[in-house]
Each structure stands twice: as C-alpha cells, then as structure tokens.
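Here the structure comes first, spelled out in structure tokens, and everything after it is commentary.
Below, each value reflects all heavy atoms present in this structure, side chains not excepted, and no hydrogens, waters or symmetry copies. Residue numbering restarts at 1 for every chain, and letters A, B, ... go by the order of the sequence lines.
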Amino acid sequence: MGNSVTLMIDGQSVTVAEGTTLRAACDQAEHVVPTLCWHENLTPANACRACVVEVKGSRTLVASCSRVAEDGMDVQTASERVLNARQVVAELLLSVSDAKLAPDLLHLAEMSSADPVRFTGGATWAQPVRQDNNLYVRDLSKCILCYRCVQACGDDAQNTFAIAVAGRGFGAHIDAGFGRDLPESDCVYCGNCVAVCPTGALMGKTEWDLRQQGQWDESRITQTETICSYCGVGCELDLHVMDNQIVKVTSPQDHPVTHGMLCVKGRYGYDFVQSEDHH
Amino acid sequence: MNEVRRLLPDRHTVSHPASPERLRERGFDQALAKAMAMSSEAIIAEIIASGIKGRGGAAFPTGLKWSSVNKAAGQTKYVVMNADESELGTFKDRVLLEEDPLGALVGLLIAAHAVGARKAFCYIRGEYREVEHRLARALDILQQEGWGGPDAVDVEIRRGAGAYIAGEETALFNSIEGKRPEPRVKPPFPTNKGLWGSPTLIQNVETLANVAVLFAHDAAWFTQYGTKDTAGTKLIALSGHIQHPGVYEVPFGMPLADILHAPDLGGSLAGSGRLGAVLLGGAAGTFLSPDEVATSRLDYASLGAVGASIGSGAVMVFDDTVDLQWVLTKLARFFAEESCGQCVPCRIGTQRIMEIAEQGNLWTRNQDLRALSQAMRDASICGLGQTAPLALLSILDRPGLRRDA
Ligand SMILES: Cc1cc2nc3c(=O)[nH]c(=O)nc-3n(C[C@H](O)[C@H](O)[C@H](O)COP(=O)(O)O)c2cc1C
Ligand code: SF4
Ligand code: SF4
Ligand code: SF4
C-alpha cells in the first residue's frame, strides 16, 4: 500500500490514495467542505474560495478543491478563520448576484450563517438579460464568475473557446468576445456551459420561457433515459418532460461517454420528437 | 555619508550606462567570466554565502530558490527578470535599469548559467519605454562583447500592458504565454512548474543586480554592509513630504529616521515639517507612526516588531496635515482597479473597501472591515488580495494616526 497518504482532518486520522485532493479527503472523512466553483468533471478553477480549509503551517488558508493531500497534513475544516472566510465569501456574493436559482450558494449562506445584507449597498451585477438566440439565455445578473462555463467551453470538454473571462477586478465578466451576441461569436450551441452553470445565469430557452410564464414546476417534471439517435457515439440523454413536452435535455455527469457533455443536436435538437407532422 | 552606492554606479562613473566601457568599469565582464567558469553548485554556494534575499517584496532567500530550480527535474528551464514594477510609490527598478542596465542583465545571465536555462525573459512594465530601449541596448552590448550568440542564453524582452497584477510571478508567466495575467494557484511553485510548465527562476531586477555586484567582488565584500540577518544594501524609493525625494541605496539596518533626515538622503521633511505617518512598502504596506519611525531600522526583524516589512522599498512620507482616510481611499481604488477579478474575496472585497472608503465610513465600519480583511488575507489566491487590506488594518490598529479622530 505504498500509494496512500495519511493525514489528520479535524483531529481524525484519514488514509486516502495518493493524489487525492483535500476536498475529496474531507468528503471521505465525512467532514464535507462546501464548494461553489468546483465541479466533478472540470479542472478546479480555485475561484470561489468557499472550500478553503486551514492547514497547519500554511500562512493562508488553502483551497481544498485543488490542493493534494500530503502525508502528515493537519487540516481543520471548521476553524475560526475558515468559518469567517466562508461567511464573507457568501456575503460578498449575495451582495452582488441574484442567488435565487443558485442552490449551492444558498446552502453556503445558510451553513455559514451569512448576513445577506452586511456588504450590500454598493455596486451589483444587475444587468439586462441577453436573449440573442433561440437555444439559451444569458442572465448574467446571476453569475458568480465560477469559470465553469469557460472551462466547459474550453479544453475541459468542448474545445470551442467561444467564451472567456474579460475585464478585470469587479468588471471581470463572462464574454463571448468583445461583448458580442452569441450568434456573432464562435459558439456552437452545445449547451455544455448551460449544463454546468450553478446559478441559472445560463439557461435553456425553453426553461427560461416557462419560468417567465410561471409555468416551470419541478414537481411536474419527469425524467426519461434514452440514447441520442443522431449519431453512433451513444450519448445517454435524460429527457426532462413536463406536460408531455420535452423541456430540457441533460446527460448524467457520471456517464462514461458524455460526462454530462453533449452536442447541439442531442441537447437542443428535440423539437422533431414533438412535431405533429412526422414524415 | 549615509548612502552606499554599490548597485547604483558611484557618482564618479563616467561611461555610458549601456556601453562596453561600463561593462568593464563596473567589473561585470570579470564577473561573467568568473561565473561562467564556475559550476552551478559553486555559484549557488556563493549566493547562499552572500545571504542575498529577493528584493521584489517577499525577501525569499535567493540561493535557496536557485538551488530548487537547479535541482528541479526537467530538460527545459527558464529564467525571468521581473521588471514590471507597478507598486505604488515604487520606482527603484526604473532608476536602476536607467543608470546601470548591464548589472541586472549580467545577473540574469549568471542565473541562467547556474540553473541550466537556455532561454531568459525580461518582463518590463509597458510604460517604461525609454528604460526598455536602454535595456535592449545593454543586451546588444553584451552580445557584441561575446556574451550572447547561438550557443549562449537567448534573452527576450517582453513588455507588460498596464496591469499591476502581471508583476505577480505566476500571472507574469501567463502573460508571457499569451494568456490573461491571472495568478495561478500555488503549489506547484515556479521553481518546479513555471513558464510552460517548466522549472522557472524569477527574480526582481534589483535582486539580479545584487548578483552581478556579488560576482564582480565576493561574498566577504558583499557582507561588509547590512545586518546579521540581511546582508547588503537596499534601494529605497522615497516620496511624499520630503525635501529630496528619489531613489537611494542604503545599507540594511539604517535607522528610518536617517533615511528621512540625512542631508544626502531625504534631507528632512517637507510640507508642514512635522511627520504624520510613513507608508512603508507601497500600497500593500504598513503605515508607521512618528514614534515607530523614530525607533525602527531598515531591517526585517526591527520592522517585524511593529508589524511592518520593507516590501519593495517604497517609503512614502506624509506630514501631519494629510487625512489618511483620503490616502486609504486612493489605495483602495488602486487595488479595486488592479485586482484581476479571479477570486471572490479580492474581486468583491476590494470593491467594497473602496466604496466604504469613498463614503467616509472606514472608521465606523471597523468590525465589518476587519472580518472582510481577514477573509481577504486568508482566502485570496494571490498576494494582491492577501495584502490589499494591510494598509487599512495598520491604521485601524493605530487610531492615533487619524486626523479626524
Ligand atoms: C500583485 C503583485 C505584484 C507584484 N509585482 C512585482 C513587480 O512588479 N516586480 C517584482 O519584482 N516582483 C513583483 N511581485 C513579486 C513577485 O511575485 C515575485 O515574488 C518576485 O518577482 C520574486 O523575485 P525576488 O525573489 O527577486 O524578489 C509582485 C507580487 C504581487 C502579489
Ligand atoms: S454553448 Fe457550447 S460553444 Fe457555446 S458558449 Fe456554451 S459551451 Fe461554448
Ligand atoms: S455564467 Fe454560470 S457557469 Fe459561467 S461563470 Fe457565471 S455562474 Fe459560472
Ligand atoms: S487575489 Fe485578486 S489579483 Fe489575486 S487572483 Fe484573486 S482576484 Fe486576482
């Protein structure tokens, strides 16, 4: 068993495989750390800082999503500094973005007893919704700049590089290049960015329209598993169906072929199924 | 006489800064010849014996860093001169490169030889155009003198594009690679994974100039000045309410009061003539009270006792009429504008500190600001966010410095 490391997590000895991140080690010890930008199929962006833990001997706190566990590390997941950092991260994000559809952020706020108004009163991310195509809508007022969409569009999945972070400081934002509308950009509408967005800032047009009409109702949505019929790759599709209509298509994150990623046909090419007019 | 000119050429130097005569006048030709005949281990041992520490702000032991890069696994290695110098109140690398560009370049070539790098970069602040021309000319001179060419180290000058954050070492690598200058997460450290994932040695201009003068002499000469902990001299960028603002070279351990008052240094206070505070280390530095200034020396241990550090060597002097809340507002705006925006504590935190400062609420929101500052220090990715609240905290800790208190 040369390939394992043993560390302390909140005073409890834990042995994990070499290469395991502190986040995964904390999971194993059932001292789960909260995360916002981390995603099981994406390279850690290290951006949100919700997952920080205290490692003995380290001057600053450490992002557990990307730091690899080492033998003899002494990790605290709930020290005073960790609790303060989590709380402030939640408060800062709540002071900027619309968190209504961001369950992970709401969870972080609750577990850290964040005061939602402590840092409000200044600039926010409120901005007009961008509906410039028929497949997905960008409501960046909800964006927390987690970088997930950029990574999904880039070399973690899609390799299209249609979107990136532009601007700096508080003005940093997700951009399709020079502020362009998506149809003018390199976007191929695979919707992989939408699939990984944790806040509803990116949303399929069908879901968006139904929500606007007050018709979106999770309790009435059923999921049906199938295989995409467009090509021979064999991507598994979950058809989200409400009132006998497909309202969204996803693929399981743990599917060995897709890892949750699809192409434009599998994700958005479902209208034909519902067409009355089959020839 | 309080100024000691070793990194800066002494005042009798007559040759043009970028000329073969200067190379010889400063003994840099011999320094190169000596170093090139030495093994990596011998060079690194000499650096360790000299006790040189990084002059870019963090004061990391230089010999240790060279040793790590030398030992790091990998065929391709890089060395980088960090001349991005964009910290508020810091202009010493500019003067050093103007007055003696060959020194830092000689240090860079010795570094490349010591760690086994064939490619070097000089990353220079975009606004330093004239300095860049002089640096390029000095590079030509070195090549003409036989220290360049196909078998030697290829040195490339890269210009920054106006971002303070690009001076942070890993952001600088991203910039050279053609990416957004967003700092990378550490570890891995540059000594193992820097430019294009290869072991990279990055040093400040002044650090490299120290290497050049060390090899033009020896460790015994080098340690003639300085303290037990920190040998050598330090460039100070003196600005604000002072009779003779400018760049001075002084030995480590010099009393701060001498830097302000000595006739050949600051030459006493300007403005009201009464000291209000000194901001040591730039925007990310610490405000010191007049009493602390009177009792502190330019030395890491002495300054550590009052919670301060030398940083890049910026010394900004404020007389007793300056409202430091106004200064803090300026500093806050600097950080809000220069944050790369990557991580939450810094992206939103610097904005909130700026807003609170602009509203004039810095003193009333003490509790909130302390919680925010702690989170920024603890959870920001890089040194920018981690140090952005330090100047503010130093005043919250020294209520006596508030003009309006
Ligand atoms: C925001 C930020 C800006 C920095 N800017 C500079 C700079 O302009 N020049 C510099 O030498 N170091 C700068 N540094 C420090 C570098 O990251 C690095 O530590 C330094 O270049 C190492 O060289 P040294 O050991 O010779 O000091 C900066 C650090 C941070 C966090
Ligand atoms: S839909 Fe696909 S191509 Fe378009 S931005 Fe999103 S991930 Fe990139
Ligand atoms: S749009 Fe969504 S996925 Fe992209 S950065 Fe914002 S919150 Fe993250
Ligand atoms: S601390 Fe600030 S400058 Fe550094 S990575 Fe985070 S946002 Fe960027």
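Among A:H259, A:Q158, A:Q151, the one residue that satisfies the side-chain hydrogen bond (donor to acceptor under 3.5 Å, both in side chains) test with A:N192 is A:Q158.
With chain A as partner, the option from B:G349, B:A163, B:P345, B:C346 having the largest number of non-hydrogen pairs under 4.5 angstrom is B:P345. In terms of heavy-atom pairs under 4.5 angstrom with chain A, the leader among B:S380, B:A336, B:A371 is B:A371. Listed options A:S66, A:A47, A:C37 were ranked by heavy-atom pairs under 4.5 angstrom with chain B; first place goes to A:A47. When each of B:Q351, B:E355, B:M354, B:R184 is scored by its heavy-atom pairs under 4.5 Å with chain A, the top score falls to B:Q351.
Within the 4.5 angstrom heavy-atom criterion, only backbone atoms of A:I144 (N, CA, C, O) approach chain B. For A:A166, the part lying near chain B is the backbone, with the side chain staying farther off; criterion is any non-hydrogen pair under 4.5 Å. Proximity to chain A (any heavy atom under 4.5 Å) is restricted, for B:Q386, to the side chain, taken from C-beta onward. In this structure, chain B has heavy atoms under 4.5 Å from both the backbone and the side chain of A:S95. For chain B, the nearby parts of A:V165 are the backbone and the side chain; heavy atoms of each come within less than 4.5 Å. Within the 4.5 angstrom heavy-atom criterion, only side-chain atoms of A:R67, from C-beta onward, approach chain B. No part of A:A63 comes within reach of chain B, as not one of its non-hydrogen atoms sits under 4.5 angstrom from that chain.
Judged by distance alone, the side chains of B:E169 and B:Y123 never bring a donor and an acceptor atom under 3.5 Å apart.
Not less than 6.0 angstrom separates the ring centroid of B:Y78 from the ring centroid of B:F173.
Using a 4.5 Å heavy-atom cutoff, the side chains of B:L390 and B:R377 are in contact. Taking 4.5 Å as the limit, every side-chain heavy atom of A:T60 sits out of range of all side-chain heavy atoms of B:D378.
Between A:E54 and A:R81 there is a salt bridge, since at least one side-chain N of the basic residue sits less than 4.0 Å from a carboxylate O of the acidic one.
A donor-acceptor distance shorter than 3.5 angstrom exists from the side chain of B:T207 to the backbone of B:R55, with no hydrogens or angles considered.
Below 30°, between 30° and 60°, or above 60°: for A:W125 and A:F170 the angle between ring planes is below 30°, a parallel geometry.
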